[in-house]
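Data first, discussion second: the structure below is written as structure tokens.
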Amino acid sequence: MERRDIVTALESLLRDTLGFGSELSLFIATILGVVIIATVPLLVIIGLIWGDRKFGSRVQDRLGPNRVGPFGLLQSFADLGKLLTKEDITPANADRLIYNVAPVLSVASVILVWAVIPMAPNVVGVDLETGVLYIIAVASLGTLAVVMGGWASNNKYALLGGFRAVAALVSYEIPMVMALLVPVLFLGTGSLVEIVEAQANMWFVALSPIAALTFFLASQAEVGRPPFDLIEAESELTAGYNVEYSGMKFGMFMAGEYAHWLTQGVLLAVLFFGGWNGPFVDRWPWLGIFYFFIKSLILFFASDLVRFTIPRLRIDQMMHFNWQWLVPLSIVNLLVTALLLKIIQELGFAVDLANSPGFVDTLPMTIIMLAGNALQVAVVLSIIRFRGKRQRLMAAAGN
Amino acid sequence: MAGIEITPHTFFFLLSTILTLGGAIGVVNNRNLVRGSIWLIVSLFGVAGYFVLLHAPFLAAVQVLVYIGAIGILITFAVMLTRGMTQLQRRFSSLWWLGASASLLLFIVLLFTVIEPIWGDLSAVPDAPPGSTTDLGIALVSGDGFVLPFEVAAVLLTAAMIGAIVLAREARNADE
């Protein structure tokens with residue numbers, strides 16, 4: 001199958017229908033492609049803010065926005081108007097340059113991720129061979145935005161929020177990267193387009209549920225969602241790194257945050273849940289966009305459910321959970337996956353995932369991988385059981 | 001200066017150069033060290049641009065990940081914790097002549113060993129990528145390639161990491 005990206009598709013469209021020269025059409029197509037890719041997440045977010053609030057209210061037995069427009073649908077636009085017309089305040093003694101750059105960087109870091117995400121067959125900004133690495137690299141810029149905003153505000157709560165952000169984001173990046181490496185290990189490439197195509201008949205979540213789970217948990221912390229939202233714990237830090245921001249600058253931080261949340265669901269869908277794959281996609285490729293967003297939104301609301309039900313952890317509990325559970329588990333999972341892949345190869349069950357093999361062909365490999373994952377889960381559960389028992393015994397002896 | 005054609009390639013080369021050199025000037029010229037570290041990140045970002053132009057996307061991504069995502073943030077973080085360093089009174093340290101002569105020496109060495117031999121000879125610059133990321137990965141772990149230096153580097157980094165943990169650990173009481 002010939003692979004194309006948005007720019008080449010737009011370029012041939014411009015050349016054939018409007019009769020532009022090849023250089024001019026490439027130029028226009030590149031700019032158009034960038035604008036389209038950058039606009040899609042921002043447009044989705046406007047609807048998503050409403051959906052997120054409505055869903056959260058229902059989870060917590062409230063009504064949610066219901067005054068502006070039918071079902072409160074226009075609430076986001078009312079909020080946008082409020083944010084745009086609010087006074088833009090810069091605190092005294094703030095570092096103006098860094099203070100103003102931070103919100104822009106916050107949005108940019110997440111929009112850049114969308115450049116490599118395949119939304120449907122042939123609908124991708126650019127198919128990078130190092131796509132997975134690119135995502136990690138670009139996402140690390142978001143940390144920088146938080147630090148810059150927190151420091152430049154010249155406010156101790158903001159600074160504390162920034163410091164917490166660095167500690168949390170840098171630590172949780174490790175299990176996230178380890179989990180991201182598992183799909184790369186299956187295929188031998190970091191290209192997201194090829195990763196999605198390989199999942200035509202078997203999603204990678206079936207091959208490595210542990211990687212999918214660690215990625216979900218680590219990214220939950222990475223994007224600052226409860227129970228890991230220590231970065232902006234209202235009860236401890238007022239609002240964290242963005243406490244001094246007002247008006248649209250705060251709006252950009254908020255948009256960046258929602259974009260991060262959406263991107264978390266999108267990355268999970270692309271890496272572990274088959275991306276745009278679904279029934280009849282080979283006949284009507286545009287269905288891919290539909291499947292892509294449905295999967296991403298289901299995963300987004302799954303993370304939302306966690307957000308609205310589980311209370312916030314303490315900072316030490318959060319760090320303990322990462323360094324004592326997630327990091328070892330993700331490293332062991334990576335090693336076990338590599339070992340199992342070698343064993344599968346030796347046993348002759350190996351299938352070339354790059355050619356999107358059928359469901360039945362992949363079955364032996366899947367069963368072996370699943371068994372490996374089940375073994376790891378059993379070990380983790382028995383460690384938890386042992387520790388719990390010891391603690392109970394010690395508590396009993398103390399009394 | 002005839003013969004320099006403005007193509008997207010030269011435009012992005014110019015952009016990367018402005019980012020790299022401008023950022024570097026910002027680093028040494030700023031009396032606020034936090035801003036200096038932000039300029040350092042800008043400069044490193046420009047270097048990542050060069051890697052993209054040289055058909056090395058892997059190195060570009062690693063440059064952003066390691067130098068900006070890890071080292072840049074670490075430096076920024078360390079500087080932010082020391083408030084006194086944000087308001088330096090003097091622009092030049094008393095050892096400025098040492099720094100200036102060291103960088104001049106480095107520049108002369110680079111000029112005569114790297115730049116001069118290929119100056120004007122465009123054939124030395126590879127047009128197509130010399131190898132893909134897959135080739136790089138295989139070269140790092142194959143027996144004919146660089147598996148020994150790779151492993152030595154890995155052991156060294158692990159030792160450094162353990163050393164850092166041991167140094168940073170709080171001293172415990174002997175009876176504990």
Side-chain angles (χ1 to χ4, degrees), chain A residues 23 26-27 30 93 95-99 101-102 105 108-109 112 116 126-148 150-154 156 158-160 162-167 169-170 173-174 177 184-185 187-191 194 323 338, chain B residues 5-8 11-12 26 30-42 44-45 48 51-52 55-83 85-87 129 131-138 141 158 161 165:
Chain A
E23 267 190 28
L26 184 64
F27 179 71
T30 310
N93 296 326
D95 194 322
R96 274 177 180 274
L97 180 71
I98 300 179
Y99 182 80
V101 168
L105 195 65
S109 74
L112 279 170
V116 293
V126 54
D127 178 18
L128 278 184
E129 196 186 1
T130 49
V132 170
L133 194 68
Y134 169 84
I135 290 175
I136 305 165
V138 166
S140 68
L141 293 178
T143 318
L144 194 62
V146 173
V147 177
M148 281 164 64
W151 182 80
S153 304
N154 195 27
K156 61 186 171 201
L159 190 64
L160 274 175
F163 285 165
R164 276 188 175 184
V166 176
L169 299 185
V170 170
E173 214 164 29
I174 299 166
V177 171
V184 177
L185 213 58
L187 265 173
T189 175
S191 154
E194 285 178 50
W323 290 105
Chain B
E5 205 184 330
I6 296 294
T7 60
F11 175 73
F12 282 110
N30 222 307
R31 269 184 288 183
N32 183 338
L33 271 190
V34 174
R35 279 198 177 191
S37 61
I38 302 285
W39 281 121
L40 179 67
I41 288 169
V42 171
L44 293 169
F45 202 80
F51 284 129
V52 172
H55 304 285
F58 177 75
L59 286 183
V62 168
Q63 170 84 14
V64 173
L65 180 62
V66 174
Y67 281 93
I68 297 177
I71 295 178
I73 288 182
L74 196 69
I75 291 176
T76 317
F77 196 56
V79 172
M80 280 177 186
L81 284 171
T82 48
R83 280 261 155 179
M85 298 192 111
T86 55
Q87 297 295 329
S132 64
T133 311
T134 318
D135 295 331
L136 180 70
I138 290 170
V141 291
T158 315
M161 220 154 68
I165 293 169

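Within every chain, numbering begins at 1; the chains are lettered A, B, ... in the order of the sequence lines, protein sequences first and strands thereafter.
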Quick one: [atom1] on [X] to [atom2] on [Y], what's the gap to the nearest 0.5 Å?
X	Y	atom1	atom2	result
A:Leu105	B:Ile38	CG	CD1	9.0 Å
B:Ile68	A:Thr143	CD1	OG1	12.0 Å
A:Leu144	B:Ile41	CG	CD1	4.5 Å

Under a 4.5 Å heavy-atom cutoff, which of A:Ile98, A:Val138, A:Leu133 has the most pairs with chain B?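 Option with the greatest count: A:Leu133.
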Can you list the residues that meet the side chain to side chain donor-acceptor pair (under 3.5 Å) rule with A:Ser140, with sequence neighbours excluded?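 Testing A:Ser140 for side chain to side chain donor-acceptor pair (under 3.5 Å), a comparison that skips the adjacent residues, returns none.
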Using every non-hydrogen atom in the two residues, find where B:Val64 and A:Ala137 come nearest and quote the distance to one decimal. CG1-O, 3.6 Å
Enclosure of A:Phe163 CZ (heavy-atom neighbours >12, cutoff 6.0 Å):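 Yes, enclosed.
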Once ring-ring contact (aromatic ring centres under 6.0 Å, His included) is applied, do any residues pair with A:Tyr99, and if so which ones, sequence neighbours excluded? A:Tyr245
Contact origin within B:Val62 toward chain A - heavy atom pairs under 4.5 Å: both
Heavy-atom distance under 4.5 Å to chain B: side chain of A:Leu141, backbone, both or neither? side chain
